[in-house]
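The next block holds one structure in the form of structure tokens; read it before the comments.
Throughout, protein chains are lettered first and strands after them, A, B, ... in sequence-line order, and every chain is numbered starting at 1.
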There are 2 protein chains.
Amino acid sequence: MKGTPVTIKDIAKALNISISTVSRALRGMPEIHESTRTAVIKLAEELDYQPNQLAKNLAKSRTKTIGVIVPNLSYYFFSAALNSIEEAAMQAGYSVMVCQSNESYLREVTNIQNLLRGQVEGFIISLARDTNDYSHIHKLMRKEVPLVLFDRYADEIEATKVIVNNKEAAFKATEHLLENGCKKIGFLAGPPNLLISTQRLMGYKEALEKHGIAFSNTNVFHTDFTQDNTVIKTLEMMSTLNPDGIVAVSDRIAFSAMFALKQKGLRIPEDVAVVSFNNEPICTLLSPTLSSVSQPVQEMGTEVVRLLLRQIENEHKLPVETKILETNLIVRESSARK
Amino acid sequence: MKGTPVTIKDIAKALNISISTVSRALRGMPEIHESTRTAVIKLAEELDYQPNQLAKNLAKSRTKTIGVIVPNLSYYFFSAALNSIEEAAMQAGYSVMVCQSNESYLREVTNIQNLLRGQVEGFIISLARDTNDYSHIHKLMRKEVPLVLFDRYADEIEATKVIVNNKEAAFKATEHLLENGCKKIGFLAGPPNLLISTQRLMGYKEALEKHGIAFSNTNVFHTDFTQDNTVIKTLEMMSTLNPDGIVAVSDRIAFSAMFALKQKGLRIPEDVAVVSFNNEPICTLLSPTLSSVSQPVQEMGTEVVRLLLRQIENEHKLPVETKILETNLIVRESSARK
DNA sequence: GTGAAAGCGCTAACAT
DNA sequence: ATGTTAGCGCTTTCAC
């Protein structure tokens, strides 16, 4: 389609020098004479020479590309993280190939395969909701492909990861509700296999116990993250538990829960206080505005890239590392009962 | 990092045949003898042979990769579109490299440069909010790089595009408000240079005129898509126009507007009816639920990929094409005054 | 400081 | 049906 892709060969011919000299000049190698270098660079610009990355990559057997797989970019958390990942990667001269697993295990597996044959040098992965089997990840690790997990990980996977202190965050959130006078707090969880969900559940449990309230599994309702299912689970919770407070494992879940509460004619926070996770920008626009635990998305992105590039650019296998970042509870109207 | 990348050479040597035979066998060329083919494939699997895409690409000078640049993946519209783009591309054996311009002109330009050197074979672009200058796009077109614009385009760019009938959609939305008894309808627009915004404005204008209401520029307020700015503009609109209906150019803008209205103690839709564009899933969870124009995102994604691949896979330059898809107004509580 | 030549892993004529 | 030979565009020894 293009007109005439200019190559170093063309430049060499035009200047009557060898292609290796051109190559060296273009890459700024010190041994090249000043005059030839300037001549080469000048001509290259005139001809609008674009190095063929493919050839470069093949010659150096490097692609300078990393693969990113996230559940869904329509979640604010992931698109924000991707933003920061892209930025950090670009700064380091890497490109990013992103795939969405769409919360599907199968798609996660095919994504990995595709990216692998696309010759990415490493992976940044946040596991899909439906991923219970980790053989695809383990296979990656056996091949010693550089890998960093973030946010959605699994204990069975001994890989480097960047996560937040989910338990502590949920503890803070739950305690906040307790301190605001809630006595019966329900927990809207995600799928039972999702670690971030169960960890947050642990924090919830600990907060209750610290405040002398017995934890009961019947107060925990597992959603699959979809709107409809969450509404159903919330209504179930209303009829069986009738809580005066809800900790939701994500903002999206809280949105649906608040919708269900309003449908039932319940006031937030007077009848039911709500707090959740992710601090999506829209939290400030809801009525009532939604209290939420904010995660250091930007820092997570930067950190994830840093840890991945360390692996990629190191000769030998690096020890597994777990970076835990801190969260921050943002209190808004949905939980302000005092 | 990996142990030993197996190549066709290794397979050839082990089987005592030539590498071209291996290559042909692996690619299922018909002229290869059944027995040798099976032997090759068997050994390839045993050795877990992975073709080096880089070498393949260089040899065929094709990357089978397309570049996608969108303003921001945290907008539902774009992440949904990306989903469908990814899917369609994958089906056709292509990979996708995505970049977010973050609504910034500069980032859009660097994104194009990066993707270009990443050797993408074509571009799918939705312009950034801040893009007023189109020289980077024109440069692409001069190089005859396959390109399809979608959603956010510009009249000055004579490229193939996939869009919706924005004017008509806005006409429907505005007329809907009029039919619901609104007399003073304000328009919350995006930046004046954004075509989708001005087109929707046209539809708004036509609907007013059809119903015998004079259009006035003072009823149009331009936002920059940020929450804060939109709240400010809405408040301005309230004090200068005091409308009984608002057409917002996107759901995100409507969210902020509704927030501002509620702050002012106004009821939706009784005092002010609201309708917007994009039909984000969260529209059904707001109170009141938000009436919105839904766009055929999925179809747009498929179509965009189809048009791009046609360009990529065609020898000669194809004529510019504009595909206009239809929208659908979804009426919900925010505009139901009757 | 520059050039010649080999090679990255694969495909694609052109032979046989 | 299979092998031989050139590349693809670049990097990188190894000479000079």
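Shown here are the side-chain hydrogen bond (donor to acceptor under 3.5 Å, both in side chains) partners of Ser20(A), two or more places apart in sequence or in another chain: Ser18(A). For the ring-ring contact (aromatic ring centres under 6.0 Å, His included) test, no residue two or more places apart in sequence or in another chain qualifies with His138(A). Residues that satisfy the salt bridge (charged side-chain N to carboxylate O under 4.0 Å, His left out) test with Glu34(B), not counting sequence neighbours, are Arg37(B). Residues that satisfy the side-chain hydrogen bond (donor to acceptor under 3.5 Å, both in side chains) test with Gln298(A), not counting sequence neighbours, are absent from this structure. Residues satisfying the salt bridge (charged side-chain N to carboxylate O under 4.0 Å, His left out) criterion with Glu87(B), sequence neighbours excluded, are Arg107(A). With sequence neighbours left out, Lys13(B) forms a side-chain hydrogen bond (donor to acceptor under 3.5 Å, both in side chains) with no residue at all. A search for side-chain hydrogen bond (donor to acceptor under 3.5 Å, both in side chains) contacts involving Ser35(B) returns nothing, not counting sequence neighbours. In this structure, the salt bridge (charged side-chain N to carboxylate O under 4.0 Å, His left out) partners of Arg310(A), at least two apart in sequence or on a different chain, are Glu321(A).
For residues 60-74 of chain A, every residue pair satisfying the salt bridge (Lys or Arg N to Asp or Glu O under 4.0 Å) rule, not counting sequence neighbours, is listed here: Arg62(A)-Glu121(A).
One atom, CZ of Arg62(B), and another, P of dA12(C), lie 11 Å apart when rounded to the nearest Å. In this structure, Ile8(A) places its CD1 atom 8 Å from C1' of dT11(D), rounding to the nearest Å. Here the C1' atom of nucleotide dG9(C) and the CD1 atom of Ile11(B) are 12 Å apart, to the nearest Å. As rounded to whole Å, 13 Å separates atom C1' of dT11(C) from atom CD of Gln53(B). Here the P atom of nucleotide dC10(D) and the CG atom of Leu58(A) are 12 Å apart, to the nearest Å. Atom P of nucleotide dC14(C) and atom CE of Met29(B) are separated by 16 Å, given to the nearest angstrom. Between the CG atom of Asp10(A) and the C1' atom of dC10(D) there is a distance of 13 Å, rounded to whole Å. If you take CG of Asn52(A) and P of dG7(D), they are 17 Å apart, rounded to a whole angstrom.
Contact check of residues 18-28 of chain A against DNA chain C (heavy atom, cut-off under 4.0 Å) returns Ser18(A), Ser20(A), Thr21(A), Arg24(A). Looking at residues 30-48 of chain B, you'll see that no heavy atom sits under 4.0 Å from any atom of DNA chain C.
Side-chain proximity of Lys60(B) to dA12(C), dC10(C), dG9(D): nearest is dA12(C). In the set dC8(D), dT11(C), dT12(D), the nucleotide with an atom closest to the side chain of Lys9(A) is dC8(D).
Within the structure, a side-chain polar atom (N or O) of Tyr49(A) is placed less than 4.0 Å from OP1 or OP2 of dC10(D).
Between its two ends, the helix from dG1(C)-dC16(D) to dT16(C)-dA1(D) turns its axis by 40°, counting five pairs per end and rounding to 10 degrees.
As judged by a 4.0 angstrom heavy-atom cut-off over every strand, Leu54(B) is placed among residues making no nucleic acid contact.
Atom OG1 of Thr21(B) is separated from atom CG of Leu26(B) by 11.5 Å, given to the nearest 0.5 angstrom. Between the OG atom of Ser74(B) and the CG atom of Leu82(A) there is a distance of 10.5 Å, given to the nearest 0.5 Å.
Nearest-nucleotide assignment on DNA chain D puts the 5′-proximal partner with Asn16(B), out of Ala55(B) and Asn16(B).
Here the shortest heavy-atom pairing between Val148(B) and Val304(B) reads CG2-O, 4.0 Å.
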